[in-house]
Amino acid sequence: GVRKRPSMYIGSTGKDGLHHLVYEVVDNSVDEALAGFCKKIKVTINKNGSVTVEDDGRGIPVEPHPVLKIPAVEVALTKLHAGGKFDKKTYLISGGLHGVGVSVVNALSEKLVVEVKRDGKVYVQEYSKGITKTKLKEIGKAEGTGTTITFWPDEEIFSTTIFDYKVLETRFRELVFLNPGLKIFLIDEEKDKKEEFYSAGGLIEFVKWLNRTKEALHKPIYFKKEVDHSVIEAAIQYNTTYQENIFGFVNTINTVEGGTHVSGFKTALTRVINDYAKNKNLLKNESLMGDDVREGLTVVLSLKMQEPQFEGQTKTKLGNSEMKGFVDSAVTQALAEFFEENPAVAKKITSKVAAKKKVVKKDVEKLEAQDTKLKLRIKLKAYDHKIIDNSARQIIDIANRYGAEVLGPVPLPTEILKYTVNRSSFVHKNAREQFEMRVHKRLIDILNPNQEIIESLRDLNLPSGVDITIKI
């Protein structure tokens with residue numbers, strides 16, 4: 001099943017899916033770290049095209065499975081959903097994007113070798129394309145414990161089998177920030193590169209690292225809350241720019257598409273800053289919008305929970321509805337307390353966003369006073385310039401009939417009927433967006449009551465070879 005539909009399990013059979021194989025194996029080791037049994041993970045890109053992941057955890061169990069009567073390690077590597085992350089007793093909180101574990105890595109590898117150090121002995125077993133090739137063998141005495149997995153991605157499955165050092169580097173840096181005290185070594189034998197990733201400061205160090213090229217407004221705000229086996233941790237730091245950077249993680253997975261935890265955070269942040277600004281008379285009879293309070297914000301939000309439900313195209317959006325309220329409540333309480341105890345930092349943040357709101361308001365008022373005459377940008381697609389000229393003339397006649405100013409024609413492949421304003425007169429991005437929303441509505445008000453201009457343009461008997469798209 002895995003080999004027939006690999007994208008269902010690892011997202012794709014391209015570069016992303018290839019690297020996901022490494023993440024799945026490393027996630028098993030991170031689970032051992034989360035459970036308190038692993039301190040060091042070593043990942044090696046070997047010269048022969050394979051990758052080796054070695055940890056100093058307890059080692060995958062080797063005793064026979066009570067039902068299947070084969071070694072537990074063989075069950076974990078050959079049976080889907082048989083790993084420890086599907087047994088709540090083994091790992092209370094577990095990573096792994098799809099929760100599919102190493103059995104999927106095994107199925108999509110031309111060859112996989114597992115070595116387990118446990119109970120003072122070393123065991124080894126070999127597989128190919130998910131099928132067991134050798135019995136589990138004891139090959140010697142062991143010092144310490146741990147698991148080592150080496151796999152060769154199957155060229156029949158993947159469009160590329162070349163691992164990118166930088167992609168792995170980014171992921172491992174995230175992992176050590178999210179798991180303070182864990183060490184990950186990345187080695188590329190082909191390029192003779194080696195790097196050690198370690199963080200003692202966790203999310204506080206993470207947010208500082210993300211803001212390393214910016215001017216921070218204050219020291220990171222950090223808090224951690226635990227409710228019903230769920231743990232929320234966040235580090236927040238504003239900088240002097242107007243960029244928003246929210247990094248959400250669930251069980252160490254980067255939820256690039258956001259989700260309920262990020263929604264809960266945004267709601268809480270907007271509420272707390274508005275309440276504080278009003279209480280301190282930094283705002284009069286208006287409220288700050290979500291976009292206002294997040295300008296210049298860098299935050300790392302890490303959630304550790306049981307049974308996360310992932311949605312979205314790449315399965316990186318948290319869907320658990322209960323998490324929105326949990327995060328909202330935790331962030332509201334923690335941030336409100338912080339603001340009360342640290343008025344200087346609270347004032348810096350609220351003053352920055354409130355001052356910016358006033359500037360945007362002034363920009364919008366200034367722009368609304370300007371001439372908002374309907375303008376059309378004409379863009380036509382055709383291979384013959386003469387055809388374009390003739391067609392454009394007809395379109396211009398129709399547009400002029402309705403009092404529209406035409407900017408063009410432009411013989412490039414794209415759309416027509418796009419409202420344009422002088423971009424250079426905008427001081428802030430938000431001002432432009434708010435102004436364009438109002439202008440867009442006004443344009444619809446002009447065109448919708450009678451569709452004549454649109455219908456006239458659509459009914460043009462244009463020569464073959466000319467494409468025209470109408471967009472409001």
Side-chain angles (χ1 to χ4, degrees), residues 9-11 16 19-39 41 53 55 57 76 80-105 168 170-182 184 197 199 202-203 206-207 223-235 246-265 299-312 314-327 330-331:
Y9 299 91
I10 55 163
D16 288 347
H19 289 82
H20 193 82
L21 298 181
V22 182
Y23 305 157
E24 279 292 350
V25 182
V26 169
D27 280 336
N28 268 12
S29 302
V30 171
D31 287 341
E32 280 286 279
L34 287 171
F37 297 103
C38 171
K39 290 287 177 202
I41 303 167
V53 179
D55 72 40
L80 203 58
H81 305 320
K85 58 187 71 184
F86 290 93
D87 174 4
K88 288 182 189 172
K89 292 176 192 167
T90 310
Y91 299 120
L92 195 62
I93 287 167
S94 164
L97 184 49
H98 303 265
V100 290
V102 286
S103 61
V104 165
V105 179
L168 296 176
T170 301
R171 177 62 183 146
F172 297 158
R173 184 176 286 112
E174 287 175 356
L175 281 173
V176 296
F177 281 136
L178 295 163
N179 298 283
L182 176 67
I184 301 181
F197 302 94
S199 165
L203 298 200
F206 198 170
V207 88
F223 58 86
K224 185 176 182 177
K225 299 266 178 188
E226 188 169 349
V227 180
D228 297 333
H229 302 302
S230 293
V231 181
I232 176 179
E233 203 180 349
I246 297 178
F247 296 88
F249 295 87
V250 176
N251 297 355
T252 75
I253 296 148
N254 189 343
T255 48
V256 290
E257 293 178 84
T260 52
H261 58 320
V262 173
S263 298
F265 173 83
V299 60
V300 180
L301 183 68
S302 175
L303 189 62
K304 285 177 180 160
M305 62 179 289
Q306 292 180 357
E307 298 177 32
Q309 303 297 314
F310 293 107
E311 301 169 351
T314 56
K315 297 288 179 202
T316 52
K317 182 178 183 180
L318 184 69
N320 300 61
S321 55
E322 73 278 9
M323 283 301 129
K324 186 178 190 299
F326 166 60
V327 174
V331 173

Working for side-chain contact (heavy atoms from CB on, under 4.5 Å), residues Val300 and Phe177
CA-CA 10 Å; Val300 180; Phe177 281 136; over 6 Å; no
Is a side-chain N or O of [X] found less than 3.5 angstrom from the main chain of [Y], in a donor-acceptor match?
X	Y	answer
Asn320	Gln309	yes
Asp27	Ile253	no
Thr255	Val250	no

Given the rule in the side-chain contact (heavy atoms from CB on, under 4.5 Å) test, do Leu178 and Leu203 qualify, once you have shown the distances and angles that lead to the verdict?
CA-CA 6 Å; Leu178 295 163; Leu203 298 200; 3.8 Å; yes
Of all heavy-atom pairs between [X] and [Y], which one has the smallest distance, and what is that distance?
X	Y	answer
Ala33	Leu182	CB-CD1, 3.9 Å
Lys317	Gly259	CG-CA, 3.8 Å
Ser263	Lys324	CB-CE, 3.8 Å
Asp55	Ser29	OD2-OG, 2.7 Å
Met305	Ser230	CB-OG, 3.7 Å
Gly202	Pro180	CA-CG, 3.8 Å

Would a 4.5 Å heavy-atom cut-off, applied to side chains only, mark [X] and [Y] as touching?
X	Y	answer
His20	Val104	no
Asp31	Asn28	yes
Leu175	Phe172	yes
Glu24	Val102	no
Pro308	Met323	no

Just by distance, with hydrogens left out, do Glu257 and Thr316 show a side-chain donor and acceptor under 3.5 Å apart?
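Yes, Thr316 and Glu257 have a side-chain donor paired with an acceptor closer than 3.5 Å.
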Using side-chain contact (heavy atoms from CB on, under 4.5 Å), reason through Glu174 and Phe249 one step at a time and then give a plain yes or no.
CA-CA 10 Å; Glu174 287 175 356; Phe249 295 87; 3.6 Å; yes
Val331 vs Phe223, test: side-chain contact (heavy atoms from CB on, under 4.5 Å). Steps then yes/no.
CA-CA 8 Å; Val331 173; Phe223 58 86; 3.8 Å; yes
Atom pair [atom1] ([X]) and [atom2] ([Y]), whose distance is rounded to the nearest 0.5 Å:
X	Y	atom1	atom2	answer
Ile246	His261	CD1	NE2	10.0 Å
Leu318	Asn251	CG	CG	9.0 Å
Ile232	Lys304	CD1	NZ	12.5 Å
Asn179	Ile184	CG	CD1	7.5 Å
Arg171	His19	CZ	NE2	13.0 Å
Glu233	Glu226	CD	CD	11.0 Å

